[in-house]
There are 2 protein chains.
Amino acid sequence: MNVATDSPRRQQLTRIAARLFMQQGFDRTTVRMLADAMGIKSGSLFHHFADKQEILCAVIEDSTRHALFSARRALADAAPTTRARLLALARVHLDTLHDDRHAHGVALYEWRRLSDEDREHLTHLRDAYETLWLQVIEEARRAGQVQGDAAIITRYALGALNWTARWYDPDGPMDTAQLAHELVDMIVAPAS
Amino acid sequence: MNVATDSPRRQQLTRIAARLFMQQGFDRTTVRMLADAMGIKSGSLFHHFADKQEILCAVIEDSTRHALFSARRALADAAPTTRARLLALARVHLDTLHDDRHAHGVALYEWRRLSDEDREHLTHLRDAYETLWLQVIEEARRAGQVQGDAAIITRYALGALNWTARWYDPDGPMDTAQLAHELVDMIVAPAS
DNA sequence: AGCATAACCAAGCAAGCGCTAGTGTAAATG
DNA sequence: CATTTACACTAGCGCTTGCTTGGTTATGCT
């Protein structure tokens, strides 16, 4: 149940499942379709996962852990100005959202299909991620670079970024760096 | 297929369907569950709707038409300053999002379950709504109150607002007017 | 009275669903 | 060499699904 402890085989299957769950939705993706895409028979699937629910949980957990890990590293590497730290978070958010777009789409659209336990477990991971953002925005607020309630700004920023999943075309003319800049310009007092 | 032309009975059934679709998701809501909640038998459902897909389309169409109508009226009634117009749009967006929260949640989560034709049809309605926003934000940009690309700002703003569906608690301490102000403060140059 | 229409119901079909049971096999382990 | 483990297979059970059929009842118009 963890990126580090999962067998390579299981991680590979999880990625395939993420693609199908995103393309068809969880309910419409049958275990037979999953097995076909994985190159095994439907019965064999249950050697790797206890049930269909566990596959969904694995998809979301993998991608969330990866995002959390990347964001922490980006913050550690970023210049110590609040603006640079915010920009680093935004860039990493957009990049992981897009690189792992299947899994993050699943996390968005299929959240309610999780069992109560799985959802609570994944909520903690999510909260850890949001807290990274909240802390940086709270820094920015104390430095006078952001006005208003830090919690609301955080959720607005994350909402704006997550919504890009619905309209941003990675093959289009814009790149994620531009988008990240545009977001930071929107939430902090306009810079030079 | 229209708020004005739909029979009252059909609109009533559509509202019930919106609630169930939001609570359980489209795929997990069976025609029998719908019929039960409507107080009729499952077969009778197909007197009002050609198939299950058409119910989904009706749910989304009704709510989108209502939002478009409300936004147009709010703009007509708003004071002529760009800030007032933006605030009016934000307030109406949050209010309809919340009043009609079941149906708008369905529009968010079940968009991909629509048939291609239905989706194209509803996309036009959506575009009409987004255009209202884009025009006001473009005004604001020309007036120097907003920096950056108007199209991106529009999508960021709508994303931030739509995301409130995932965290805003209408029974909590905040009201939608505060939220709307917070958004406008975020995207326009900070006012007094 | 005669008729049209909207609204409903009981029953059930064909298809598809998640999952289980039991078995085979090649590689790792003692 | 004997045993275990990991992974895959075939076959199919029990159940639910969206939708259809064929017919009934209530309302209101001409």
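Nothing here was measured: the structure is a model prediction, and the numbers come from that model. These values consider heavy atoms only, across backbone and side chains, with no hydrogens, waters or symmetry-generated copies. Chain identifiers are assigned alphabetically (A, B, ...) following the order of the sequence lines, protein sequences preceding nucleic acid strands; residue numbering begins at 1 within each chain.
- Proximity note for A:Val31 (side chain, C-beta onward) versus D:dT20, C:dC8, C:dG18: the nearest is C:dG18.
- Rounded to a whole Å, the CD1 atom of B:Ile55 is 8 Å from the P atom of D:dC19.
- Side-chain proximity of A:His48 to the nucleotides D:dG18, D:dA8, C:dA10 is greatest for D:dA8.
- Of all heavy-atom pairs spanning B:Lys52 and B:Val31, the tightest one is CG-CG1, 4.2 Å.
- Note: CG (A:Asp36) to P (C:dC17) measures 11 Å, nearest angstrom.
- In this structure, the nucleotide among D:dT10, C:dC9, D:dA8 sitting nearest to the side chain of A:Lys41 is D:dT10.
- The side chain of B:Lys52 sits closest to D:dG18 out of C:dA7, D:dG18, D:dC9.
- Following rounding to the nearest Å, A:Arg28 (CZ) and C:dA15 (P) show an atom-to-atom distance of 18 Å.
- Along DNA chain C, the nucleotide closest to B:Gly39 and the one closest to A:Asp27 are compared, and the more 5′ of them pairs with B:Gly39.
- Between the side chain of B:Arg32 and the base of D:dG18 there is at least one donor-acceptor pair of N/O atoms closer than 3.5 Å.
- A straight line from CD of A:Gln24 to P of C:dG16 spans 15 Å, rounded to a whole angstrom.
- Closest to the side chain of B:His47, from the set C:dG18, D:dC7, C:dA6, is C:dA6.
- To the nearest angstrom, C1' of C:dG18 lies 12 Å from CZ of A:Phe21.
- When the C1' atom of D:dT17 is taken as reference, atom CZ of B:Phe46 falls 10 Å away, rounded to whole Å.
- The aromatic rings of A:Tyr109 and B:Tyr109 sit perpendicular to each other, their planes meeting at more than 60°, with 30° as the lower class boundary.
- In this structure, CE of B:Met38 is placed 16 Å from C1' of C:dC9, rounded to the nearest angstrom.
- Taking 4.0 angstrom as the limit, B:Ser44 places none of its side-chain polar atoms (N or O) nearer than this to OP1 or OP2 of C:dA7.
- Comparing C:dC8, C:dG18, D:dC19 against the side chain of B:Asp51 picks out D:dC19 as the nearest.
- Between A:Phe21 and A:Phe26, the two ring planes are perpendicular [angle over 60°; tilted spans 30° to 60°].
- Rounding to whole angstrom units, CG of residue A:Leu45 and C1' of D:dT10 are separated by 15 Å.
- Within 6.0 Å of the CZ atom in B:Arg113, the count of heavy atoms belonging to other residues, nucleotides or ligands exceeds 12.
- Using a 4.0 Å cut-off between charged side-chain N and carboxylate O, A:Arg141 and A:Glu138 make a salt bridge.
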